[in-house]
Amino acid sequence: MRLATWNVNSIRSRADRVAAWLQRSDVDVVALQETKCRDDQFPEERFADLGYQVAHVGYSQWNGVAILSRIGIDDVEIGFPGQPCWGEDPSTEARALGATCGGVRVWSLYVPNGRTLADPHYQYKLEWLAALRTTAAGWLTEDPTAAVALVGDWNIALENDDVWDMAVFAHSTHVSPPERAAFRAILEAGYADVVRPHTPGPGVYTYWDYTQLRFPRREGMRIDFVLGSPALAGRVTGALIDREERKGKGASDHAPVIVDLAD
DNA sequence: ATGGTCGAATGTCGA
């Protein structure tokens with residue numbers, strides 16, 4: 001089974017590119033983030049034509065997460081239990097979608113950005129990660145043998161090697177100790193970064209800002225992760241970051257991250 | 001060569 005995650009930065013503007021990528025990548029399941037559309041706007045047929053079933057949640061032009069699968073898509077769940085919302089209305093932000101595909105419980109996650117260290121969105125981000133940790137730890141308590149994949153745009157660079165220049169991020173989100181601690185708490189709950197062993201750094205990233213020639217200058221961040229439960233991590237035979245997909249006109253600012261699992 | 005932001009919805013904001 002080949003599983004991937006990709007922040008596509010608008011599925012409507014990227015549908016052709018995603019479809020072409022699916023056709024040449026031999027991916028069974030892909031989790032998408034930042035689809036930037038409502039459910040009724042999602043170009044589902046484009047992917048159905050290629051044999052993929054689609055689950056999506058999007059409430060507005062912001063956020064939006066999806067899972068595309070050609071090996072079945074069951075028990076679709078919008079949001080994880082205990083997921084904090086921004087404001088009072090839970091349907092303001094679409095940031096988490098779960099589905100079982102080929103026996104793997106896949107969660108497509110778009111962790112809040114945080115904006116700045118002083119912004120209320122930063123506290124929201126930390127609360128969101130803490131809630132995810134509690135819930136995801138519970139899944140493993142219930143069933144230590146569960147194959148769970150927590151994948152997506154985490155908006156955190158865990159190690160200093162995960163950004164091209166730490167000095168640039170001295171007072172920024174994504175690298176602050178509380179964010180990194182919140183991420184590590186999820187690792188400590190039993191979920192492992194299954195990609196890093198196959199894509200060692202330094203200089204290996206998943207995201208490059210559109211501005212300031214960041215991509216050709218190789219100035220990026222590794223903020224998209226596939227975390228696997230013990231049962232899932234034990235099945236990983238390889239992983240890659242598809243840097244080619246960041247090239248050219250019409251690319252997302254994130255590259256797809258792909259993991260191969262033994263049956 | 002990968003290349004001086006991009007996308008969705010406006011009249012700007014979020015990333």
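Chain A is the first sequence line, chain B the second, and so forth, proteins listed ahead of strands; every chain is numbered from 1.
- Nucleotides of DNA chain B nearest to S10(A) and Q212(A) differ in position, and the one nearer the 5' end is that of Q212(A).
- Under the rule for a side chain to side chain donor-acceptor pair (under 3.5 Å), the partners of D162(A) that lie at least two apart in sequence or sit in another chain are R222(A).
- Look at the P atom in both dG4(B) and dA9(B): the space between them is 24 Å, to the nearest Å.
- A distance of about 22 Å separates the P atoms of dA1(B) and dT5(B), rounded to the whole Å.
- Between L227(A) and the choices V151(A), D193(A), V148(A), the side chain to side chain contact (heavy atoms under 4.5 Å, CB included) rule is met once, by D193(A).
- If you take CD of E219(A) and P of dT2(B), they are 18 Å apart, rounded to a whole angstrom.
- Ion pairing of R14(A) with E34(A) is absent here, as no side-chain N (NZ or NE/NH1/NH2) approaches a carboxylate O to less than 4.0 Å.
- In terms of position along DNA chain B, the nucleotide closest to P216(A) lies nearer the 5' end than the nucleotide closest to the other residue of the pair P216(A) and Q41(A).
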With sugar-phosphate taken as primed atoms, P, OP1 and OP2 and all else as base, the protein-contact string of nucleotides 10-15 of chain B at under 4.0 Å (heavy atoms; B, S, -) is ---BSS

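- R243(A) comes within 4.0 angstrom of a nucleotide base, judged by non-hydrogen atoms across all strands.
- Put simply, CZ on R12(A) is 9 Å from C1' on dG7(B), counting in whole angstrom units.
- Look at R70(A) and D28(A) and you find a salt bridge, because one of the NZ, NE, NH1 or NH2 atoms lies within 4.0 Å of a carboxylate O, short of that distance.
- Spacing between atom CG of L213(A) and atom P of dT2(B) amounts to 14 Å, rounded to whole angstrom units.
- Within the nucleic acid shown, R14(A) comes within 4.0 Å of sugar-phosphate atoms alone, with no base atom in reach, counting heavy atoms only.
- Residues Y210(A) and N9(A) have side chains that bring a donor and an acceptor to within less than 3.5 angstrom of each other.
- For residues 121-150 of chain A, the set of pairs meeting the salt bridge (charged side-chain N to carboxylate O under 4.0 Å, His left out) definition, not counting sequence neighbours, comprises K125(A)-E179(A).
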